[in-house]
Amino acid sequence: MISSIEYHWSDIVVIDQTSPIEISQVIQLSVAPVFLLVGIAGFVNAFVARLGRVVDRRRHLAHLMHAPDARRRELTARELRILDDRARLVHWGMTLCITTAMLVCLTIVTVFLDFLFEMEHPRLVGAMFVLAMVSLITALGLFLREVFLAVESLTLSNREG
């Protein structure tokens with residue numbers, strides 16, 4: 001037997017008396033985080049480029065591990081360890097940047113849903129934005145640490161040359 005479930009439009013809160021001005025204000029508020037998304041995309045792009053450089057350098061150094069000179073092998077092994085650390089930092093930085101972007105997108109969606117369905121979740125919106133900022137700050141810290149390691153690696157490369 002098929003049971004019938006009856007739905008009434010009055011059960012669903014839909015905005016019917018919303019003025020275009022109110023909707024445009026919500027759109028304006030949600031566009032600001034879009035600029036943040038553009039900045040995050042720039043950082044992801046920078047991380048990808050840095051990861052490519054790490055991979056290329058690692059491939060080059062892998063051939064030097066078979067050098068007859070013990071000192072050369074030792075310096076190469078040290079630089080390879082630094083490259084591994086750099087790759088790990090880049091990986092986590094990219095992960096955190098993408099997590100930040102997802103949290104910003106969820107914040108935008110929540111703001112719209114709050115407005116469209118007359119829900120009140122300011123703490124949820126605030127918490128998601130704070131989490132996004134913590135994630136971004138951590139990613140920036142990882143980026144800075146990776147740059148420091150790159151400089152250390154450069155110093156090491158200069159010593160062997």
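The first residue of the sequence shown is numbered 1, and numbering continues consecutively from there. Just so we're clear, the structure is a prediction, and the values are computed from it rather than from any experiment.
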Linking I/L/V/M/F/W/Y whenever their side-chain heavy atoms sit closer than 4.5 Å, directly or via other members, would [X] and [Y] fall into one cluster?
X      : Y      : answer
Phe143 : Ile98  : yes
Val125 : Val109 : yes
Met133 : Leu103 : no
Val104 : Phe35  : yes
Leu96  : Leu149 : yes

Quick check for you: to the nearest 0.5 Å, what is the distance between [X] atom [atom1] and [Y] atom [atom2]?
X      : Y      : atom1 : atom2 : result
Thr99  : Met94  : OG1   : CE    : 11.5 Å
Leu106 : Met128 : CG    : CE    : 6.0 Å
Cys105 : Ile40  : SG    : CD1   : 8.0 Å
Thr110 : His121 : OG1   : NE2   : 8.5 Å
Leu37  : Met102 : CG    : CE    : 12.0 Å
Leu75  : Leu80  : CG    : CG    : 11.0 Å

Any side-chain heavy atom of Val34 sitting closer than 4.5 Å to one from Ile108? yes
Within a reach of under 6.0 Å around CZ of Arg73, are more than 12 heavy atoms found that belong to other residues, nucleotides or ligands? yes
Assess whether atom CZ of Phe129 is packed by more than 12 heavy atoms of other residues, nucleotides or ligands within 6.0 Å. no
Does the side-chain contact (heavy atoms from CB on, under 4.5 Å) test come out yes or no for Asp56 and His60, once each step is laid out? CA-CA 6 Å; Asp56 290 344; His60 172 73; over 6 Å; no
Considering all heavy atoms of both residues, which atom of [X] and which atom of [Y] are nearest to each other, and what is their separation?
X      : Y      : result
Ala139 : Phe47  : O-CZ, 3.7 Å
Ile82  : Ser153 : CG2-CB, 3.9 Å
Leu113 : Met119 : O-CE, 3.8 Å
Phe43  : Leu140 : CZ-CD2, 3.1 Å
Arg57  : Glu79  : NE-OE2, 2.8 Å

Check the pair Arg88, Asp85 against salt bridge (Lys or Arg N to Asp or Glu O under 4.0 Å), reporting the backbone distance first and the verdict last. CA-CA 5 Å; Arg88 197 171 7 274; Asp85 290 344; 2.9 Å; yes
Where do Val147 and Arg50 land on the side-chain contact (heavy atoms from CB on, under 4.5 Å) test, with the steps shown first? CA-CA 9 Å; Val147 169; Arg50 296 188 76 79; 3.8 Å; yes
So, the side chain of Ser135 versus the backbone of Leu131: is there a donor-acceptor pair under 3.5 Å, distance only? no
Without swapping roles, check the side chain of Thr100 against the backbone of Leu136 for a donor-acceptor pair under 3.5 Å. yes
Kindly determine whether His91 and Leu51 satisfy side-chain contact (heavy atoms from CB on, under 4.5 Å), including the steps that lead there. CA-CA 8 Å; His91 170 260; Leu51 184 59; over 6 Å; no
Does the pair Trp92 and Thr138 meet the rule for a side-chain contact (heavy atoms from CB on, under 4.5 Å), with working shown? CA-CA 9 Å; Trp92 280 108; Thr138 307; over 6 Å; no
